[in-house]
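Worksheet for the structure shown next.
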Amino acid sequence: MFMIVIAVAALACSTRARPPAFNYLEDPYAAENESEEVRSAAIKRLLEVFGMEDPPAIHGRMQPPQYMLDLYNTVADVDGVTKDPYLLEGNTVRSFFDKLRSEQVEFRFNLSTVARTEKILTAELHLFKLRPQAALMFNRHHFCQVSVYQLVDTSKGNNTHERKLLSSRLIPVHSTGWEVFTITQAVRSWMVDEGSNLGLHVVVRTLGGSQMDLKLIRFASGRNHHQSKQPMLVLFTDDGRRSAALENTDPDGMDITSSLPQAPMPAPSSRLARSVDHLEEEGVSMPCQRLPLYVDFEEIGWSGWIVSPRGYNAYHCKGSCPFPLGQNMRPTNHATVQSIINALKLIKGIETPCCVADKLFSINLLYFDDDENVVLKQYNDMVAGSCGCH
Ligand SMILES: *[C@@H]1O[C@H](CO)[C@@H](O)[C@H](O)[C@H]1NC(C)=O
Ligand SMILES: *[C@@H]1O[C@H](CO)[C@@H](O)[C@H](O)[C@H]1NC(C)=O
Ligand SMILES: *[C@@H]1O[C@H](CO)[C@@H](O)[C@H](O)[C@H]1NC(C)=O
């Protein structure tokens, strides 16, 4: 069902140029095999659109970090359509859980799923500070200095680890909740040399500079505390796919929230749709317009690894572009001239212009990658915002 719609959408304006289909009547078995092949090829191609070779293998589904869910809801509406394309600097946000799960305040993150080509924009260490223990209530300190160090191996073959200060901040002793430290430099160096990733170390000191008892100032660890408080690395990157598209985006196509609901050619109501069908039966083709096209991830078999959305409305453009083209057809000058030439029949073989998507919006996907990290990724040009005669 899904593929049929895609095929129709792709061929809407070129039915005459379509190669002859396999003769299904002659051999129904061949047709069945053929359609299975087409299906798997189409799904493979769709994965490529989402930047993947194979669907991520999901072992046991974990609860996505609340931070990633909140981030998704901030950048995307219920259908996954980007609310504001300038909210995120890059187009990818990756979250990683600590692999060390140490009792000490030491963390290590496996970044092997980050592509070499991804540009590292910002990296953050998210630590959940726990409520101080009762004994501390009578402590004379109100603030503590929390410093995050990158562990570096200064001399290969020597066991001693040096450390490099990445970030340091005063934190109220009695506070509880998430603390975020910027560790971009460390992640950049790990991306250059994976073997240099020895992890991070956190040190808490009094304002006087003496090391504080870590039994007093505590951060949740992956080992002893609830999953929702696990130490996490959040990485903002760009895979380079957006920049090219942003450059040629129509500036009035930017304000998505205002232009989507009142798109010039909204999907017809069901009553209108019936009358459109009726027109088509009579051989009168409906004018170029935007119609729904729901891409259901569950139907495609992707609901295991995609957290949100469950599917999205990509819309499709359908209809004729006959002379005269009104402004509601959003014609280019070129299309207008072509429709005139077609109407005048001055030259043989000149068709009427095509009904195509002339404004496209991006969608966001929140999904589990191969390593069960939760990733938020933005994909350009996924939703037809409006249709026009081109
Ligand atoms: C269709 O595929 C099945 C199994 O793959 C095979 O046994 C059968 O011969 C194929 N039929 C045709 C007509 O190719
Ligand atoms: C990181 O994860 C990948 C894939 O799960 C694995 O092959 C690799 O050995 C891991 N690296 C380390 C240092 O644990
Ligand atoms: C290892 O490092 C220590 C301290 O920096 C130094 O004294 C020692 O000579 C080093 N050993 C080797 C084998 O490099």
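Atoms within each ligand, like the ligands themselves, are counted from 1 in listed order. Because the structure is predicted, anything quoted here is derived from the model rather than measured.
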Practice item. Please work out which of the three classes, parallel, tilted or perpendicular, describes the rings of Trp305 and Trp302, given edges at 30° and 60°. Key: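 Tilted.
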Practice item. Return the orientation label for the Tyr67 and His126 ring planes: parallel under 30°, perpendicular over 60°, tilted otherwise. Key: perpendicular
Practice item. Can you pull out the closest protein heavy atom to atom 5 (O) of ligand 2? Residue, atom name and distance to 0.1 Å, please. Key: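 It is Asp371 OD1, 3.2 Å.
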Study note, to complete from the structure: In this structure, atom 4 (C) of ligand 2 is nearest to the protein heavy atom Ser112 OG, 3.8 Å
Exercise for review: Search all heavy atoms of Asn364 against all heavy atoms of Pro309 and return the closest pair with its distance.
Suggested key: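 Result for this residue pair: O-CD, 3.3 Å.
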Point to revise | Nearest protein heavy atom under 4.0 Å from atom 12 (C) of ligand 2, yes or no | key: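 True for atom 12 (C) of ligand 2.
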Check your understanding: Do you see a protein non-hydrogen atom under 4.0 Å from atom 7 (O) of ligand 2?
Key -> no
Point to revise | Lys/Arg N to Asp/Glu carboxylate O, Asp239 vs Lys377, below 4.0 Å | key: yes
Review point. Between Asp77 and Lys83, is the closest basic N to carboxylate O distance under 4.0 Å?
Key: no
Check your understanding: Taking only heavy atoms of Asn110, which atoms of ligand 2 are found under 4.0 Å from at least one of them?
Key -> 1 (C), 2 (O), 3 (C), 8 (C), 10 (C), 11 (N), 12 (C), 14 (O)
